[in-house]
Amino acid sequence: MEKKNIQILIQANQTKIPKDSISQKANKILSALAYEDHELSIVITDNEEIKKMNRIYRNMDRPTNVLAFPMLDPEDIPSAPGTAAGENHAPPLLGDIVISMETAAKEAETASISLDERISQLMVHGILHLVGYDHEQGEDKARHMEEKSLELIRLIEPNPDLEIF
């Protein structure tokens with residue numbers, strides 16, 4: 001039975017975005033990280049919108065491929081996995097991931113991979129940021145994030161040669 005804790009909003013002018021596939025893969029990732037009882041929002045947008053967000057939240061006036069907006073307090077992250085919502089409570093919100101379909105498509109073409117594979121890479125990267133991984137905080141943390149990224153990519157993508165983000 002498919003869980004309903006993944007919300008997907010399509011803002012890009014794309015009609016062939018596989019929402020069911022994205023939802024299934026996101027659920028597998030959350031389950032592997034022991035966050036299956038958390039809610040996740042994934043927004044698929046275009047370069048114009050992600051550029052605005054990147055400017056507002058990161059002070060970078062250019063489009064990017066993925067942005068992650070964690071909702072959990074960093075101090076709560078170690079205790080959050082496996083914490084189920086009570087009967088009368090909504091599942092805890094893990095956060096939001098915003099992916100630029102335009103940038104993802106260009107990067108997929110450059111890397112000679114499918115757009116679905118590129119979306120998977122970006123989704124893994126974004127979700128790992130939501131649960132506290134950060135490649136920008138030193139070599140050890142970057143290596144740890146790379147290892148976990150590869151583990152998750154192997155879980156959701158059949159291509160054994162697909163590299164990580």
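These numbers were taken from a predicted model, which means no experiment stands behind them.
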Any donor-acceptor pair under 3.5 Å from [X] side chain to [Y] backbone:
| X | Y | value |
| --- | --- | --- |
| Glu102 | Asn47 | yes |
| Glu117 | Ser114 | yes |
| Ser23 | Lys19 | no |
| Asp96 | Val43 | no |
| His125 | His129 | no |
| Arg118 | Ala105 | no |
| Gln121 | Glu163 | yes |
| Asn54 | Ile50 | no |
| Ser31 | Asn27 | no |

Which of Leu94, Ile97, Leu130 passes side-chain contact (heavy atoms from CB on, under 4.5 Å) with Pro70? Answer is Leu130
Once you round to the nearest 0.5 Å, how far does [atom1] of [X] lie from [atom2] of [Y]?
| X | Y | atom1 | atom2 | result |
| --- | --- | --- | --- | --- |
| Asn65 | Leu122 | CG | CG | 5.0 Å |
| Ile119 | Ile99 | CD1 | CD1 | 6.5 Å |
| Asp46 | Lys52 | CG | NZ | 8.5 Å |
| Ile42 | Leu40 | CD1 | CG | 4.5 Å |
| Leu152 | Leu33 | CG | CG | 5.0 Å |

Determine, using ring centers only, whether His135 and His144 are less than 6.0 Å apart. no
**Asked** Is there a path of hydrophobic side-chain contacts, each under 4.5 Å between heavy atoms of I, L, V, M, F, W or Y residues, that connects Leu128 with Phe69?
**Response** no
ask   = According to a 4.5 Å side-chain heavy-atom criterion applied to Ile, Leu, Val, Met, Phe, Trp and Tyr, with indirect links allowed, do Val98 and Ile127 form part of one hydrophobic cluster?
value = no
Salt bridge Asp134-Lys141, side-chain N to carboxylate O under 4.0 Å
no
Are the charged groups of Glu109 and Lys106 less than 4.0 angstrom apart, N to O?
-> no
message = Is it true that Glu157 and Ser120 share a donor-acceptor pair across their side chains at a distance under 3.5 Å?
response = yes
